[in-house]
Protein chains: 2
Amino acid sequence: MRAPTAQDRANASTLAATWLDSGGLRPTRQRLALAELLVGDGRDRHVTAESLFEAAAAAGQPVSLATVYNTLRAFCAAGLLAEVTVDGSRSYFDTRVDDHPHYFWEDEGHLSDAPNDAVRLAGEPKVPEGAEVARVDVIIRLRRRES
Amino acid sequence: MRAPTAQDRANASTLAATWLDSGGLRPTRQRLALAELLVGDGRDRHVTAESLFEAAAAAGQPVSLATVYNTLRAFCAAGLLAEVTVDGSRSYFDTRVDDHPHYFWEDEGHLSDAPNDAVRLAGEPKVPEGAEVARVDVIIRLRRRES
DNA sequence: TTAAGTGCAAATTATTTGCAGTAAG
DNA sequence: CTTACTGCAAATAATTTGCACTTAA
């Protein structure tokens with residue numbers, strides 16, 4: 001937990017720009033702002049449209065809510081983000097796009113990555129005839145233990 | 001695939017009534033109708049509010065959509081149904097209430113049970129300190145294989 | 001210059017709720 | 001009788017969309 005230096009900030013911009021570019025997306029002011037919040041520090045992140053909207057505003061880079069939605073969709077379509085369905089009522093977006101398990105903290109409605117070995121899938125899943133696996137979602141729903 | 005006999009229908013009513021009773025719910029006309037559609041033939045079923053609403057109407061037992069929603073919630077609260085979150089945009093309800101994996105057919109938006117051994121979870125999932133597992137959701141997302 | 005991106009406000013979709021009437025225990 | 005249940009219509013909440021304006025290439 002170190003305060004970000006000028007160097008860090010420059011780096012975050014570069015990362016964001018590169019990231020957009022790798023998805024073939026135009027680097028507009030609002031996309032750069034959102035991208036920086038998502039991948040600016042190289043750490044994985046889980047956001048909702050609302051949380052990202054607020055984060056952008058808080059960072060002094062306000063982006064309209066509609067654009068946040070459109071942008072998240074665009075990032076997903078470009079393969080830069082993965083949509084994770086856990087809550088039914090809202091969508092979560094994950095900067096980690098490989099297939100991996102998640103923890104969902106039911107009390108706070110918060111999503112986080114689970115270590116790849118949190119569950120071991122022994123062998124390939126059985127697949128019905130004529131179908132192929134698009135993805136296997138594993139959600140470990142947690143609640144705070146009553147002590 | 002046999003046409004249901006009078007015997008089958010009588011049986012379905014009994015099953016539905018018993019099922020409601022086991023959840024401590026009053027056997028109203030609309031609940032019985034919905035319960036019968038859900039567990040009347042002893043087979044497991046996956047429905048959405050909309051699909052159940054239509055099924056009831058088609059069966060000559062119309063139930064208002066609001067009541068379908070309220071009833072599905074009541075069945076869940078009573079532990080008679082499990083809510084499965086796969087689609088983000090709509091909720092699915094499963095008559096099988098134990099923890100088991102699902103197939104989700106992305107093309108048709110259709111949910112079905114996967115055999116318990118479709119994926120083998122080797123060992124207990126790792127759980128962060130201070131938390132306990134409420135449930136582990138495993139969704140095998142399928143798409144029709146392009147031949 | 002031009003197609004893509006943005007931001008409002010209005011539209012949609014799934015779901016919930018208020019409330020007056022109805023039915024189960 | 002009394003409380004829970006039902007159904008409509010109106011309210012919500014998350015998300016999408018139409019359209020005039022802006023901007024990256």
Side-chain angles (χ1 to χ4, degrees), chain A residues 13 16-38 46-57 61-78 80-81 83-93 109-111, chain B residues 13 16-37 46-57 60-78 80-81 83-93 109-111:
Chain A
S13 301
T18 307
W19 191 67
L20 284 184
D21 191 55
S22 73
L25 295 173
R26 285 194 190 173
T28 64
R29 194 219 103 210
Q30 3 319 59
R31 285 182 177 175
L32 281 166
L34 299 181
E36 202 167 316
L37 290 167
L38 289 168
H46 302 82
V47 302
T48 61
E50 197 67 37
S51 80
L52 187 56
F53 170 75
E54 281 163 12
Q61 296 282 9
V63 177
S64 87
L65 187 53
T67 296
V68 172
Y69 275 106
N70 292 333
T71 303
L72 286 171
R73 289 269 156 259
F75 288 177
C76 278
L80 297 176
L81 287 182
E83 187 171 0
V84 186
T85 300
V86 275
D87 182 290
S89 69
R90 52 167 109 277
S91 277
Y92 288 76
F93 298 87
H110 175 252
L111 187 70
Chain B
S13 300
T18 308
W19 190 67
L20 284 184
D21 191 56
S22 73
L25 296 173
R26 283 193 189 175
T28 65
R29 193 220 104 210
Q30 8 309 66
R31 285 182 178 173
L32 281 166
L34 299 180
E36 203 167 316
L37 290 166
H46 301 83
V47 302
T48 61
E50 198 67 37
S51 79
L52 186 57
F53 170 75
E54 282 162 13
Q61 295 282 6
V63 177
S64 87
L65 188 53
T67 297
V68 171
Y69 274 107
N70 292 333
T71 302
L72 286 171
R73 289 268 157 260
F75 288 178
C76 278
L80 296 176
L81 288 182
E83 187 171 1
V84 186
T85 300
V86 274
D87 183 288
S89 69
R90 51 168 109 272
S91 277
Y92 288 76
F93 298 86
H110 175 252
L111 187 70

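Lettering of chains follows the sequences in order, A, B, ..., and the numbering in each one begins at 1.
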S.K.: Would you kindly give the CG-to-C1' distance between A:Leu52 and D:dA14, to the nearest whole Å?
M.R.: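 So the two atoms are 15 Å apart, to the nearest Å.
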S.K.: Within this structure, what is the CD-to-P distance between A:Gln61 and C:dT6, rounded to whole angstrom?
M.R.: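 One finds 13 Å between P of C:dT6 and CD of A:Gln61, rounded.
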S.K.: Can you find a side chain N or O atom of A:Thr28 that sits less than 4.0 Å from OP1 or OP2 on C:dT6?
M.R.: yes
S.K.: Using the side-chain heavy atoms of A:Ala66, tell me which of these nucleotides is nearest: D:dT15, D:dT6, D:dT17.
M.R.: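 Of all the options, the side chain of A:Ala66 is nearest to D:dT17.
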S.K.: Rounded to whole Å, please give me the gap between CG in B:Leu25 and P in D:dT3.
M.R.: 19 Å
S.K.: Can you tell me how far OH of B:Tyr92 sits from NE2 of B:His110, rounded to the nearest 0.5 angstrom?
M.R.: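 If I round to the nearest 0.5 Å, the distance is 8.0 Å.
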S.K.: Looking for any heavy atom pair under 4.0 Å, which part of the strands does A:Arg90 touch: base, sugar-phosphate only, or nothing?
M.R.: sugar-phosphate
S.K.: Are A:Arg29 and D:dA24 close enough that a side-chain N or O sits under 4.0 Å from OP1 or OP2?
M.R.: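 So the side chain of A:Arg29 is outside the cut-off, no N or O lying under 4.0 Å from OP1 or OP2 of D:dA24.
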S.K.: Which sits closer to the 5' end of DNA chain D, B:Arg26 or B:Val63, going by the nucleotide each is nearest to?
M.R.: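 Its nearest nucleotide lies further toward 5', so the answer is B:Arg26.
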S.K.: Hey, does B:Thr67 reach any base, or is it just sugar-phosphate, or nothing, if we go heavy atoms under 4.0 Å?
M.R.: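 Base contact - B:Thr67 has a heavy atom under 4.0 Å of at least one base atom.
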S.K.: Please tell me if the side chains of A:Leu34 and A:Gln61 come closer than 4.5 Å, counting only heavy atoms from C-beta onward.
M.R.: no
S.K.: Nearest whole Å is fine: how far is C:dA14 C1' from B:Glu54 CD?
M.R.: 14 Å
S.K.: Could you tell me whether B:Ser89 contacts a base, only the sugar-phosphate backbone, or nothing, with contacts defined as non-hydrogen atoms closer than 4.0 Å?
M.R.: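 Sugar-phosphate contact only - B:Ser89 comes under 4.0 Å of backbone atoms but never of a base.
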S.K.: Once you round it to whole Å, what is the distance between C1' of D:dA9 and CG of B:Leu65?
M.R.: 13 Å
S.K.: So if I take every side-chain heavy atom of A:Arg73 and compare against C:dT17, D:dT16, D:dT6, which nucleotide ends up nearest?
M.R.: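 Out of C:dT17, D:dT16, D:dT6, the nucleotide with an atom closest to A:Arg73's side chain is D:dT16.
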S.K.: Mind checking whether A:Arg31 and A:Leu25 have side chains closer than 4.5 Å, heavy atoms only?
M.R.: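 They are in contact (side-chain heavy atoms under 4.5 Å apart), so the answer is yes.
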S.K.: Show the numbers, then the answer: is there a side chain to side chain contact (heavy atoms under 4.5 Å, CB included) between A:Ser22 and A:Leu80?
M.R.: CA-CA 8 Å; A:Ser22 73; A:Leu80 297 176; 3.6 Å; yes
S.K.: What's the CG-P distance between B:Asp87 and C:dT13, to the nearest Å?
M.R.: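 So the two atoms are 14 Å apart, to the nearest Å.
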S.K.: Less than 4.5 Å apart, side chain to side chain, heavy atoms only: is that true for A:Leu20 and A:Phe75?
M.R.: yes
S.K.: Can you check the B:Leu34 CG to D:dG7 C1' distance for me, whole Å?
M.R.: 13 Å
S.K.: I want to verify a distance call: between C:dG25, D:dC8, C:dT6, whose nearest atom is closest to the B:Pro27 side chain?
M.R.: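 That would be C:dG25.
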S.K.: Which listed nucleotide (C:dT6, D:dT6, C:dT15) is nearest to the side chain of B:Thr71?
M.R.: D:dT6
S.K.: Would you mind reporting whether A:Val47 and A:Leu81 have side-chain heavy atoms less than 4.5 Å apart?
M.R.: no
S.K.: Of the nucleotides D:dG7, D:dT15, C:dG5, which one has an atom closest to the side chain of B:Gln30?
M.R.: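 Minimum distance to the B:Gln30 side chain belongs to D:dG7.
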S.K.: By the 4.0 Å heavy-atom rule, please label B:Thr48 as base, sugar-phosphate, or nothing.
M.R.: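 Nothing, no heavy atom under 4.0 Å.
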S.K.: Measure from the side-chain heavy atoms of B:Tyr69 and tell me the nearest of D:dA14, C:dA14, C:dA24.
M.R.: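 Of all the options, the side chain of B:Tyr69 is nearest to C:dA14.
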S.K.: Taking the nucleotide of DNA chain C with the nearest heavy atom to each, does B:Asn70 or A:Asn70 sit closer to the 5' end?
M.R.: A:Asn70
S.K.: Rounded to whole angstroms, how far apart are CD on A:Glu50 and P on D:dT12?
M.R.: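 Spelled out: CD on A:Glu50 to P on D:dT12 is 17 Å.
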